[in-house]
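Here the structure is laid out as structure tokens; the discussion comes afterwards.
Note that this is a predicted model, so its numbers are computed, not measured. Each ligand, and each atom within it, is numbered from 1 in the order the structure gives.
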Amino acid sequence: MTLQQDTPTARRLRTEIPGPASRALQDRREQAVAAGVGSVLPVYVTSASGGLLTDADGNTLIDLGSGIAVTNVGHSAPAVVDRVRKQACWFTHTCFMVTPYEGYVEVCEALAELTPGDHEKRSVLFNSGAEAVENAVKIARVATGRQAVVVFDHAYHGRTNLTMALTAKSVPYKHGFGPFAPEVYRVRGSYPFRDAPGLTGEAAARTAIDQIEKQIGADSVAAVVIEPIQGEGGFIEPAPGFLPALSRWCAENGVVFVADEVQTGFCRTGDWFASEHEGVVPDLIATAKGIAGGLPLAAVTGRAELVDAVPPGGLGGTYGGNPIACAAALGSIETMRNENLAASARRIGEVVLPRLRALAAETGVLGDVRGRGAMLAAEFVEPGTREPDPGLTARVARACHAAGVVVLTCGTYGNVVRLLPPLSLSSELLHEGLSVLEHAVRAEVNR
Ligand code: PLZ
């Protein structure tokens with residue numbers, strides 16, 4: 001069954017963006033929806049497939065954002081749709097904490113198999129990335145009997161009270177929302193484009209470790225929580241050696257190494273998980289987003305002895321591991337496996353990076369082009385400097401939107417355009433989206 005009348009296969013603009021139907025919906029929204037929830041591009045979507053979003057005005061846009069790294073398998077992958085439909089017919093909810101069901105167990109089995117390391121693992125399921133990260137901290141605290149949590153400059157971990165404390169950037173995530181949870185300590189990370197030239201990953205880790213040892217004391221630290229590639233903070237890939245050095249230090253000091261793979265997970269970076277790139281085996285790994293093809297699901301997976309340190313009743317939630325979300329996860333994982341989407345992610349990187357590098361050389365405003373797999377970014381600066389140019393970044397993003405290409409921005413300085421296409425995006429649409437981006441940059445630079 002398909003609910004769509006026609007399935008578009010190309011970008012197609014019928015009105016200005018957003019068009020009249022979307023603008024009318026936006027007016028309605030403003031009378032009903034909280035102002036605190038923003039939308040990057042207020043075109044109101046009526047259907048989506050094949051990396052294309054169709055809006056209320058009949059415009060079709062290329063999606064290079066995947067709803068912030070969620071629809072890795074596409075917006076309506078057949079295996080996801082099929083399993084969701086069946087599960088919805090069977091039952092929508094019982095609450096795993098009341099009367100359990102197989103789908104939850106199957107997702108946890110898959111997570112044990114797919115996440116790095118061949119140790120015994122346990123998983124617990126939640127609804128959002130923030131909830132997963134927050135529960136990873138709960139587990140680490142119970143398992144170690146310690147309280148301090150170490151996070152990094154430019155980190156993003158969510159919007160709940162504890163994860164706001166873990167998140168670095170004040171506006172818009174934290175400003176006015178305090179007081180924040182105590183026992184959270186922020187240290188230097190590794191940001192190759194902005195660190196001293198030549199600073200190695202090991203040296204950057206040494207700085208972070210010094211801060212931890214001097215300012216907190218290793219034996220007070222429950223967990224080090226880190227995104228293997230920082231997402232909202234700017235798609236910052238640490239220098240090689242940084243993550244392994246930190247993870248080694250954690251192991252030597254009884255500190256739980258928590259990888260927040262909410263954005264990097266599920267084939268996004270060309271591996272199942274970004275930690276694998278340098279052979280890092282996290283003690284706990286938080287996942288969400290790409291796990292379930294668009295349905296809300298999240299997980300903490302980790303060493304059995306750590307996770308099982310929390311007694312029954314200590315972890316959970318009404319909806320955590322909802323059966324429809326679990327069905328979607330199984331469909332999504334099946335799709336990633338069958339279609340080898342990790343390889344697709346790598347191919348996307350191989351197409352995008354050279355084109356962005358050429359654009360950097362041509363225009364001088366892309367100070368850094370970086371990324372792994374299909375998690376790609378360009379950092380906009382004033383030519384010849386490392387001075388961030390958030391104004392240019394916003395104008396380029398707006399020009400892409402107006403031309404029917406959804407790109408997202410990120411970064412502590414608001415100066416990074418990031419590309420997170422669905423991993424199933426066709427090479428034609430990917431190239432077309434990139435051409436629109438290139439055109440937008442050239443037009444802005446030559447204005
Ligand atoms: N950890 C690494 O990227 C979510 C949030 C955007 P939730 N990132 C997108 C916004 O403005 O809210 C994210 C992440 C990393 C945790 C989270 C939080 O995941 O599912 O949004 O709670």
**Request:** Keeping to residues at least two apart or across chains, list the ring pair (Phe, Tyr, Trp, His ring centres under 6.0 Å) pairs with something in residues 299-319.
**Result:** His93-Tyr319

Enumerate the atoms of ligand 1 whose separation from the nearest heavy atom of [X] is less than 4.0 angstrom.
| X | result |
| --- | --- |
| Gln263 | 3 (O), 8 (N) |
| Glu227 | 2 (C) |
| Asp260 | 1 (N), 2 (C), 15 (C), 16 (C) |
| Val262 | 1 (N), 13 (C), 14 (C), 15 (C), 16 (C), 17 (C), 19 (O) |
| Ile68 | 6 (C), 9 (C) |

**Prompt:** Are any of the heavy atoms in Gly231 under 4.0 Å away from ligand 1?
**Reply:** no

So does [X] pair up with [Y], basic N to acidic O under 4.0 Å?
| X | Y | value |
| --- | --- | --- |
| Glu261 | Lys289 | no |
| Arg194 | Asp368 | no |
| Arg141 | Glu183 | no |
| Arg370 | Glu237 | no |
| Glu232 | Lys169 | no |
| Lys138 | Glu131 | no |
| Arg23 | Asp27 | no |

**Prompt:** Below 3.5 angstrom, do we get any N/O pair linking Gly129 and ligand 1?
**Reply:** yes

**Message:** Would Tyr173 count as a polar contact of ligand 1, with the cut-off being nitrogen or oxygen pairs under 3.5 Å?
**Reply:** no

**Short side-chain to backbone donor-acceptor contact, Asn415 and Glu379, under 3.5 Å** = no

**Message:** Below a 4.0 angstrom heavy-atom separation, can you tell me which part of Arg159, side chain or backbone, both or neither, approaches ligand 1?
**Reply:** side chain

**Message:** Can you tell me which portion of Ala130 lies within the under-4.0 Å heavy-atom range of ligand 1? Options are side chain, backbone, both, or neither.
**Reply:** both

**Prompt:** How close does the nearest protein non-hydrogen atom get to atom 16 (C) of ligand 1, and which residue and atom is it?
**Reply:** His157 O, 3.3 Å

**Request:** Only heavy atoms count here, so choose which of Glu232, Gln230, Lys289 is nearest to atom 4 (C) of ligand 1.
**Result:** Lys289

**Asked** Right, does atom 21 (O) of ligand 1 have protein non-hydrogen atoms nearer than 4.0 Å?
**Response** no

